[in-house]
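Worksheet: the structure to be examined is printed underneath.
What you are looking at is a predicted structure, and each value in this text was computed from that prediction instead of being measured. By convention in this document, chain letters (A, B, ...) are assigned in the order of the sequence lines, proteins followed by strands, and residues within each chain are numbered from 1.
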There are 2 protein chains.
Amino acid sequence: MTQATTIAERLGVLIKETQALLHQRMDERLRPLGLSVPQYACLTALHDTPGITGSELARRTFVSRQSTNVLLQGLEKRGLIERSPDSGPRRERATELTPEARSLLARARTQVAGVADAMTESLPAAELRQLEALLARCRDGLR
Amino acid sequence: MTQATTIAERLGVLIKETQALLHQRMDERLRPLGLSVPQYACLTALHDTPGITGSELARRTFVSRQSTNVLLQGLEKRGLIERSPDSGPRRERATELTPEARSLLARARTQVAGVADAMTESLPAAELRQLEALLARCRDGLR
DNA sequence: CGTGGTGTGTCAAACTATTGACATGACGCA
DNA sequence: TGCGTCATGTCAATAGTTTGACACACCACG
């Protein structure tokens, strides 16, 4: 059996497990709104940083810029975003949320906030901040 | 701009980011061995729990049992696993690692251990245990 | 006895994402 | 002024995954 799993390896599995559950819960709440988790992530980033470029969007949502491109095409067809046809400095197209997207995103945000609250409901604020700090150091160790 | 992102939501993004980086680093180290991350996860679970069923394997690796099935077919073709042709109590087929798989997995484990160490190198043992405990409570809050 | 419910394995189709490739435009630097 | 490098957007092909469906086999219960 020789498991010999270190605490570091167990932590890796735990990160994956928590992320998988989080994704699942978010998906359950976003699907009634007609949104997938990557779509929600895109709209959120677009909301927080208006006019952001597609490649930067891809980096923030942790997928390839090709995937982001087809995802944006879908959002555009649904009238949730508008992309300026004229290109900017580096051939980039400015992308903006439409009013419909803003109201949809507002509803989505309350759903996601509910999931996030469920995740952290058993943790006092102090421990929550500590968890964030510790996990950030793990992330930094990986890049 | 109205971000209003709570610490709980930031933590969700941080979990996703850390998991994405971890997956990327593991992939970089496993690919030279001819293994993908899901394949590594399968072999590890099979090693830790010999004779495990395919469905249980799917649950532990956080994917559908259909994906696990095609993954296992690939591993079988490569001679890394053997599946008993006769079915057990619930039509399940016992799956075992071959000797080649064991030696391959041993090398893969050292690679993954290196990644896990890099992730946690800046954390003392006490804080590492604390991180594990806190994250486990987040996971429990999600299910 | 049966009979509905549950768990398993597997196939096919649809979807999502990645990899590879190319054209375009900006920038630094000789 | 050229020229190599880099970043972006996009297309095509590929790989990986999920969804939906079906056939078995057990098991608890009437």
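Among D:dT17, C:dT8, D:dT8, the nucleotide with an atom closest to any side-chain atom of A:Ser55 is D:dT8. Each of D:dC11, C:dT18, C:dT10 was ranked by its minimum atom distance to the side chain of A:Ser64; first place goes to C:dT18.
For the OP1/OP2 pair of C:dG9 and a distance below 4.0 Å, the side-chain nitrogens and oxygens of B:Thr53 include at least one atom meeting the criterion. When the side-chain nitrogen and oxygen atoms of A:Asn69 are compared with OP1 and OP2 of D:dG9, none of them lie within a distance under 4.0 Å. At D:dT10, one or more side-chain N or O atoms of A:Arg83 fall inside 4.0 Å of OP1 or OP2 (strictly under the cut-off). A sub-4.0 Å separation between OP1 or OP2 of D:dT8 and a side-chain N or O of A:Arg59 is present. Taking 4.0 angstrom as the limit, B:Ser67 places none of its side-chain polar atoms (N or O) nearer than this to OP1 or OP2 of D:dT17.
In this entry the distance linking CD1 of A:Ile52 with P of D:dT8 reads 11 Å, nearest Å. Between the CG atom of A:Leu57 and the C1' atom of D:dA7 there is a distance of 16 Å, given to the nearest Å. B:Leu72 has its CG atom 9 Å from the P atom of C:dG9, to the nearest Å. Atom CZ in A:Arg65 sits about 11 Å away from atom C1' in C:dT19, given to the nearest Å. The interatomic distance linking A:Gln73 (CD) with D:dC11 (C1') rounds to 10 Å, in whole Å. The separation between B:Leu35 atom CG and D:dG16 atom C1' is 16 Å, rounded to whole Å. Distance CG (A:Asp27) to C1' (D:dT19): 12 Å, rounded to an integer number of Å. As rounded to whole Å, 14 Å separates atom C1' of D:dT18 from atom CG of B:Leu71.
In this structure, B:Glu56 reaches neither bases nor backbone, as no heavy-atom distance under 4.0 Å exists between it and the strands shown. Residue contacts shown for B:Val63 are limited to sugar-phosphate atoms, with no base heavy atom under 4.0 Å away. Using a 4.0 Å heavy-atom distance criterion, A:Gln39 is classed as making no nucleic acid contact.
Ion pairing of A:Glu17 with B:Arg143 is present here, as a side-chain N (NZ or NE/NH1/NH2) and a carboxylate O approach within less than 4.0 Å.
When only modelled atom types and interatomic distance are considered, B:Glu56 and B:Thr53 share no side-chain donor-acceptor pair under 3.5 Å. Side-chain polar atoms of B:Arg60 and B:Thr49 form a donor-acceptor pair below 3.5 angstrom.
For D:dG20, its base sits under 3.5 Å from the side chain of B:Gln66 at one donor and acceptor pair at least.
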Derivation and outcome, side-chain contact (heavy atoms from CB on, under 4.5 Å), residues A:Tyr40 and A:Arg109: CA-CA 9 Å; A:Tyr40 168 78; A:Arg109 264 178 116 84; 3.8 Å; yes

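Here the shortest heavy-atom pairing between B:Pro124 and A:Arg137 reads CD-NH2, 4.5 Å.
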